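Here's the structure we're looking at; comments come further down.
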2 protein chains.
Amino acid sequence: MDQKSQQRPLRADAERTVRAILEAAERVLSSNPAATVEQIAEAAGVARTTVHRRFTSREALVDALTAWATRQFHEAVTSAHPDTAPPLVALYQATANVLRVKIGWGFAMSRTTPEDPDVARAHADVLDQCDRLFQRALEAGVLRPDTDLAWARRVYYALIHEAAQNRSDEAGDVDERATLVVDTLLRGVGRQGSFLSS
Amino acid sequence: MDQKSQQRPLRADAERTVRAILEAAERVLSSNPAATVEQIAEAAGVARTTVHRRFTSREALVDALTAWATRQFHEAVTSAHPDTAPPLVALYQATANVLRVKIGWGFAMSRTTPEDPDVARAHADVLDQCDRLFQRALEAGVLRPDTDLAWARRVYYALIHEAAQNRSDEAGDVDERATLVVDTLLRGVGRQGSFLSS
DNA sequence: ACAACATGCAACATTTATGTTGCATGTTAC
DNA sequence: GTAACATGCAACATAAATGTTGCATGTTGT
């Protein structure tokens, strides 16, 4: 599950324990980022010493969590083919994919880039793909020509973040939310005409 | 400056110290929410013991900071007359006012409502004013009739948050940003027509 | 079955932040 | 000027989280 922190293959039960710890860490830390290792261990149903056996430090645990989520994040964006699919299609697909990951891994994905160069690279790569996609959307006439792309990207990130908040893992829910995000990003919530800057 | 935590009036120099501590706390905590009292004291140019003399605990310091920012937040919204001014005018005015406060008090305003009932009441009051304003905007035809007001409010908050991020205290900067927020909220960044849900 | 691995538990060591006190040295208000 | 107030400094006390170790008891793979 993590090539860097475990050199030797783990036994099956230990592998399950690692997963349980990471999942518990996500749950506990998302509701309280300052939670102790004790609380995480309790939520995972293991002793605190077990956590310390699997992760050399609290920081290493959080880093592993971040790395795990980052890989899924990167995959979510890349699999939307943002460089080749039609901009609107890619935008929708990427949104839905990212939402699927972000609902349930909110804490891990909210971490600001840590030291790990792999994680930093993945984040930068996602950022680049996003910028290129927005550039293509602009050229395709999906975005208004006067749009500040940096601002557009930040708005997009923020909308995804908002849409990922409410907990309810219903089936088609993600598609509904993705539609809402893309729709809001492109059209806003106002009626046509009569506005400030136009 | 804070009626609750200081019963007796402070001497002039002590009052200055309190301000310096609060301002330093904002600076330090906004870049590192887990910063120690030591770091805050250092940034304020005082000894750590002085901080503990003025605030009974670290929590009390953060609470005072939150209360201070909350009062400004409430004032920023109320002074925009969201219940009486034309919706678009009030929306713009409130946005600009809140941005002015939030740039420079980002940490204090990001705190989730603490125990203090006054703070909780102020936040709830602002929320109500915002909802009523959006309701009026809907009835006035500023928002699309099918708009989910809860979603609209969350988007609005998120846009303000984003617009308040970049540090640069230029003069008319705030008006520019407020325009961007309102414009994005109402129109989004897309070109007219040809979108997913319409 | 058996050897290697994994966990729980208890105990310990270490570190770090928090909060307190006494005292000497300025500052302020009147 | 003087008495009350404020600060810096050093020292201390406390508490809480982190990280480690040894040992007994299970569990897994072959």
Side-chain angles (χ1 to χ4, degrees), chain A residues 1-66 107 111 114-115, chain B residues 1-66 107 111 114-115:
Chain A
M1 150 172 252
D2 190 275
Q3 296 81 354
K4 293 233 163 51
S5 49
Q6 287 115 32
Q7 51 288 63
R8 295 284 170 197
L10 293 175
R11 228 171 60 180
D13 53 349
E15 192 113 13
R16 275 193 299 273
T17 299
V18 169
R19 283 198 87 95
I21 292 171
L22 287 178
E23 287 166 7
E26 164 60 34
R27 281 197 307 278
V28 172
L29 292 174
S30 69
S31 92
N32 173 22
T36 68
V37 176
E38 179 78 53
Q39 296 172 273
I40 295 170
E42 189 185 351
V46 300
R48 186 173 61 88
T49 46
T50 300
V51 176
H52 281 122
R53 276 201 203 89
R54 297 282 152 243
F55 303 94
T56 49
S57 69
R58 184 191 200 281
E59 198 187 355
L61 166 57
V62 173
D63 285 352
L65 190 59
T66 305
F107 170 80
R111 300 303 308 161
E115 306 308 302
Chain B
M1 145 174 259
D2 190 273
Q3 297 82 354
K4 291 235 162 52
S5 49
Q6 288 115 28
Q7 52 289 64
R8 296 283 169 198
L10 293 174
R11 229 171 61 181
D13 55 349
E15 192 112 14
R16 274 193 300 273
T17 300
V18 169
R19 283 200 87 96
I21 292 172
L22 286 177
E23 285 165 9
E26 165 58 36
R27 281 198 307 278
V28 173
L29 291 174
S30 70
S31 92
N32 173 21
T36 68
V37 176
E38 179 77 55
Q39 294 172 274
I40 295 170
E42 189 185 350
V46 300
R48 187 173 62 88
T49 46
T50 301
V51 176
H52 282 121
R53 278 201 199 86
R54 298 281 151 245
F55 301 94
T56 49
S57 71
R58 184 189 199 280
E59 197 187 353
L61 166 57
V62 174
D63 285 353
L65 189 60
T66 304
F107 170 81
R111 300 302 308 161
E115 305 308 301

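Computed from a predicted model, the values in this text were never measured in an experiment. Below, read A as the first sequence line, B as the second, and so on, with proteins coming before strands; counting in each chain starts at 1.
- For B/Thr36, the side chain to side chain donor-acceptor pair (under 3.5 Å) partners at least two apart in sequence or on another chain are B/Gln39.
- The local environment of CD in B/Glu42 is sparse, with at most 12 non-hydrogen atoms from other residues, nucleotides or ligands closer than 6.0 Å.
- Looking at A/Asp13 and A/Arg16, their side chains come closer than 4.5 Å, going by heavy atoms from C-beta outward.
- If you measure from atom CZ of A/Arg58 to atom P of D/dA16, you get 17 Å, rounded to the nearest angstrom.
- Rounded to whole Å, the distance from CD on A/Glu38 to P on D/dT18 is 9 Å.
- Rounded to whole Å, the distance from CG on B/Leu61 to C1' on C/dA17 is 14 Å.
- We find the CG-CD1 distance between B/Leu65 and B/Ile40 to be 8.5 Å, quoted to the nearest 0.5 Å.
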Original post:
For every nucleotide of nucleotides 5-15 of chain C, 5' to 3': is a protein heavy atom under 4.0 Å from its base (B), only from its sugar-phosphate (S), or from neither (-)?
Top reply: BSBBBB-----
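- Annotation: the terminal axes of the helix from C/dA1-D/dT30 to C/dC30-D/dG1 meet at 50°, where each axis is the rotation carrying the C1' atoms of four end pairs onto the next four (5 pairs per end, rounded to 10°).
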Original post:
What do the steps show when you test A/Leu10 against A/Thr17 for side-chain contact (heavy atoms from CB on, under 4.5 Å), and what is the final call?
Top reply: CA-CA 10 Å; A/Leu10 293 175; A/Thr17 299; over 6 Å; no
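- Where B/Ala12 and B/Ser57 meet DNA chain C, the nucleotide closest to each residue was compared, and B/Ser57 sits on the side nearer the 5' end.
- The structure places CG of A/Asp63 at 11.0 Å from CZ of A/Arg58, a figure rounded to the nearest 0.5 Å.
- Counting only distance, with no hydrogens or angles, the side chain of B/Glu26 and the backbone of B/Phe107 share a donor-acceptor pair below 3.5 Å.
- For the pair A/Phe55 CZ and D/dT18 P, the interatomic distance rounds to 14 Å; values are reported in whole Å.
- Look at CD1 on A/Ile40: it is 18 Å from P on D/dA16, rounded to the nearest Å.
- At least one side-chain heavy atom of B/Phe55 sits less than 4.5 Å from a side-chain heavy atom of B/Ile21.
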